[in-house]
Amino acid sequence: MDPVVEVVALFLGFLSWIMVGITIPNRYWKVSSLDGTVITTSTLYENLWMSCATDSTGVHNCREFPSLLALSGYIQASRALVIAAVVCGTFGVVAALIGIQCSKAGGENYTLKGRIAGTGGVFFLLQGLCTMVSVSWYAANITQEFFNPLYP
């Protein structure tokens, strides 16, 4: 394979790994506003790890979820999937760095290096799949709660 294509693929895989790492601690996975008077208007937002609230006066409070077992199943699964995505991305970056043709790691056996680079590509695909399933499942549950008239 062309070394330029390998370097571009490595760069894109590394960029996607960084983006998943940035997505995990982002506080704005779910945002809702409670409108009242000017003083009591508040915004509630949460991610996979904590729930936060801020009001119009600027008071900001966050709390971590108290128990893993008390969380909804989709939040637990989303946590596991994004952690699996970061792990797969880490293995993908390492394998792609070893398998790339312009690297000295792995020696001069280009057949072996090609297989290692292919393994890195599979890890990047698994990372993307885990991230896509996690974010889509979370968004689907948020949408379902939003349109449910019985949800508080």
Side-chain angles (χ1 to χ4, degrees), residues 1-34 42-55 58-148 151:
M1 189 184 318
D2 188 23
V4 174
V5 173
E6 288 183 349
V7 170
V8 169
L10 172 66
F11 175 73
L12 291 175
F14 180 73
L15 186 65
S16 68
W17 179 63
I18 293 295
M19 290 175 78
V20 171
I22 291 171
T23 301
I24 291 174
N26 186 1
R27 292 184 176 177
Y28 301 102
W29 280 55
K30 177 181 176 183
V31 178
S32 60
S33 297
L34 300 174
S42 64
T43 303
L44 305 171
Y45 51 95
E46 65 182 41
N47 64 4
L48 299 176
W49 312 103
M50 68 178 59
S51 177
C52 298
T54 184
D55 62 12
V59 176
H60 177 83
N61 295 317
C62 286
R63 68 171 177 84
E64 292 182 4
F65 293 128
S67 170
L68 177 66
L69 298 175
L71 290 175
S72 300
Y74 73 94
I75 294 178
Q76 292 179 20
S78 292
R79 280 182 174 185
L81 284 169
V82 293
I83 290 171
V86 169
V87 170
C88 286
T90 303
F91 288 145
V93 167
V94 171
L97 280 173
I98 292 172
I100 200 166
Q101 287 181 9
C102 57
S103 134
K104 298 292 183 192
E108 297 295 322
N109 187 352
Y110 291 113
T111 305
L112 178 63
K113 287 175 80 78
R115 289 182 182 156
I116 292 172
T119 303
V122 168
F123 277 123
F124 284 137
L125 288 174
L126 286 174
Q127 173 194 357
L129 185 67
C130 287
T131 305
M132 182 179 64
V133 168
S134 172
V135 172
S136 298
W137 192 3
Y138 193 89
N141 279 291
I142 298 305
T143 305
Q144 184 179 15
E145 288 175 0
F146 179 76
F147 289 112
N148 184 359
Y151 190 77

Return the [atom1] to [atom2] distance between [X] and [Y], rounded to the nearest 0.5 Å.
X     : Y      : atom1 : atom2 : result
Phe11 : Phe14  : CZ    : CZ    : 8.5 Å
His60 : Thr43  : NE2   : OG1   : 11.0 Å
Ser32 : Tyr45  : OG    : OH    : 11.5 Å
Arg63 : Glu46  : CZ    : CD    : 8.0 Å
Asn61 : Ser42  : CG    : OG    : 10.5 Å
Cys88 : Leu126 : SG    : CG    : 5.0 Å

Check whether any side-chain heavy atom of [X] sits under 4.5 Å from a side-chain heavy atom of [Y], and report yes or no.
X      : Y      : answer
Val82  : Leu48  : yes
Trp49  : Arg27  : no
Lys113 : Ile116 : no

Q.
Walk me through whether Tyr28 and Val31 qualify under side chain to side chain contact (heavy atoms under 4.5 Å, CB included).
A. CA-CA 6 Å; Tyr28 301 102; Val31 178; 3.8 Å; yes
Looking only at atom types and distance, does a side-chain atom of Gln127 sit under 3.5 Å from a main-chain N or O of Ser16, one as donor and one as acceptor?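 Here the side-chain-to-backbone pair exists.
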Sub-3.5 Å donor-acceptor pair from the side chain of Ser134 to the main-chain atoms of Ser78, do we have one?
->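 Such a contact is found between Ser134 side chain and Ser78 backbone.
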Evaluate the pair Cys52, Cys62 and indicate whether the two SG atoms are within a distance below 2.5 Å. yes
Taking Glu145 first and then Lys30, would you say they form a salt bridge - that is, a charged N and a carboxylate O separated by under 4.0 Å? yes
| query | Is the count of non-hydrogen atoms from other residues, nucleotides or ligands lying under 6.0 Å from Gln144 atom CD greater than 12? | reply |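 Open: at most 12 neighbouring heavy atoms sit under 6.0 Å from CD of Gln144.
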- [ ] Check whether more than 12 heavy atoms from other residues, nucleotides or ligands sit under 6.0 Å from atom CE of Met19, and answer yes or no.
- [x]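 No - once you tally the heavy atoms of other residues, nucleotides and ligands closer than 6.0 Å, there are 12 at most.
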Decide yes or no on side chain to side chain contact (heavy atoms under 4.5 Å, CB included) for Ile100 and Val7, but give the supporting numbers first.
CA-CA 7 Å; Ile100 200 166; Val7 170; 3.7 Å; yes
Checking side chain to side chain contact (heavy atoms under 4.5 Å, CB included) for the pair Ile24/Val86: CA distance, chi angles, key distance, verdict? CA-CA 9 Å; Ile24 291 174; Val86 169; 3.5 Å; yes
Kindly give the heavy-atom pair with the smallest separation between Glu64 and Met50, and that separation in Å.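 So the two residues come closest at CA-CB, 3.9 Å.
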Requested in this report: Mind jotting down which residue pairs meet the ring-ring contact (aromatic ring centres under 6.0 Å, His included) criterion with at least one end in residues 108-144? Sequence neighbours excluded, please.
Outcome: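 The answer is Trp29-Tyr138, Tyr74-Tyr138, Phe91-Phe123.
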Could you walk me through whether Leu10 and Leu97 pass the side chain to side chain contact (heavy atoms under 4.5 Å, CB included) test, one step at a time?
CA-CA 7 Å; Leu10 172 66; Leu97 280 173; 3.5 Å; yes
